[in-house]
> 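Dropping a structure here in structure tokens format, bear with me for questions.
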Amino acid sequence: MMLDPVYLIVSLVALAISGLATMGVKSAFAKYSQIPNRRGLTGAEAARLMLQRAGLTGIAIDPVKGWLSDHYSPSEKTIRLSPEVYNGRSIAAVSVACHEAGHALQHQRQYAPLALRSLSVPLASVGGGLGPIMCMIGIMMDAGEHAAAGTDVGLWLVKAGLLLFGSVAAFQLITLPVEFNASSRAKAAMAGDGILIGPDEASGADVMLRAAAMTYVAALVTTLLMLLYWAYRAGLLGGRRRR
Ligand SMILES: [Zn+2]
């Protein structure tokens, strides 16, 4: 089972998909972090401006260590920006910072998918760890049960594992509208509030934000691939004749 060639292929495809997405965001950031924005705003200044124009007060904007570790914390009402974004005066810095401000806006406007995503975090973090282990144990038990013509505990365990692991896919699915929407809010604000000037700056921001969004799409696709694999291994897709 550990040397299952199908598992190897699925893993390699998943690795390639997430690798490509990471390369995409790295190269977009490398390119657009070298291009200064015409207004000379730092990421932190741009995010602050976007929040002010939206009438949003009481949001902290703090620097945080790490490469592209930028995020918004709803519980702390804080936007955290990586050093290159916080201090950077590039198109990339402003785009990423305004994307995070977009999340703060979603929070304040009670954007439903954001709330749903926050709710699904605990289940997904348990499911991501426990789901695959349950599938693996269940499949091994199932094989033993077939040999001994026993009960269906193994298969039951696989199904429960798939359900748990499926919560990760559900979380990643609900993440997509949240991320795309934060980027649309950022783009609208960057153009409308005059943060970026001219179509070339806008299209740079487009490329940057699209590349970032692709990492979330890739995460969902790789989870779905693994889900399909476990379902196939358990014979739930007709990949293995049962009974
Ligand atoms: Zn985001």
> Run the salt bridge (charged side-chain N to carboxylate O under 4.0 Å, His left out) test on E179 and R117 for me, step by step, so that the C-alpha distance in whole Å, both residues' side-chain angles and the decisive distance to 0.1 Å come before the verdict.
CA-CA 11 Å; E179 294 304 327; R117 185 175 84 151; 3.3 Å; yes

> Hey, are K159 and D152 close enough for a salt bridge, meaning a charged N less than 4.0 Å from a carboxylate O?
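So K159 does not pair with D152 through a salt bridge.
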
> Could you pull out the closest heavy-atom pair between A93 and V85, with the gap in Å?
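Smallest interatomic distance, heavy atoms only, reads O-CG1, 3.3 Å.
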
> Step by step, would you call R89 with E45 a salt bridge (charged side-chain N to carboxylate O under 4.0 Å, His left out)?
CA-CA 9 Å; R89 296 179 190 276; E45 288 165 352; 3.6 Å; yes

> Does any donor atom in the side chain of T42 or N87 lie under 3.5 Å from an acceptor atom in the other side chain?
no

> For L15, which fellow cluster members are found when Ile, Leu, Val, Met, Phe, Trp and Tyr are connected by side-chain heavy-atom distances below 4.5 angstrom, either directly or through intermediates?
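Other cluster members: none.
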
> Do you know which two heavy atoms are closest between A92 and M208, and how far apart they sit?
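Scanning both residues completely, I find the closest heavy atoms to be CB-SD, 4.0 Å.
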
> Might you point out which heavy atoms bring D70 and L81 nearest each other, and give the distance in Å?
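That closest heavy-atom pairing would be OD2-CA, 3.3 Å.
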
> Quick one: side chain to side chain donor-acceptor pair (under 3.5 Å) partners of R48, sequence neighbours excluded?
none

> Describe, in one word, how the ring planes of W67 and F29 are oriented to each other, choosing from parallel (under 30°), tilted (30 to 60°) and perpendicular (over 60°).
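The arrangement is perpendicular - the two ring planes meet at more than 60°.
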
> State, without any angle test, whether E201 and N37 hold a side-chain donor-acceptor pair at a distance under 3.5 Å.
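Judged by distance alone, the side chains do not pair up.
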
> Is the backbone of A14 close enough, under 3.5 Å, to the side chain of S18 for a donor and an acceptor to pair up by distance?
yes

> Would you call the rings of H99 and H103 parallel, tilted or perpendicular if under 30° counts as parallel and over 60° as perpendicular?
perpendicular

> Could you work out the complete set of other residues in the hydrophobic cluster of I174, with links drawn between I, L, V, M, F, W and Y side chains under 4.5 Å apart?
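Reading the cluster by chain and number, I174 sits alongside L116.
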
> Which ILVMFWY residues are connected to L114, directly or by a chain of links, through side-chain heavy atoms under 4.5 Å apart?
Y111, V178

> Using the test ring-ring contact (aromatic ring centres under 6.0 Å, His included), find all partners of Y72 that sit at least two apart in sequence or belong to another chain.
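Per chain and number, Y72 pairs via ring-ring contact (aromatic ring centres under 6.0 Å, His included) with H107.
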
> Let me see the working for D193 and R39 under salt bridge (charged side-chain N to carboxylate O under 4.0 Å, His left out), right down to the final yes or no.
CA-CA 12 Å; D193 301 341; R39 280 194 62 181; over 6 Å; no

> Which residues satisfy the side chain to side chain donor-acceptor pair (under 3.5 Å) test with K187, sequence neighbours excluded?
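Expected list: D206.
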
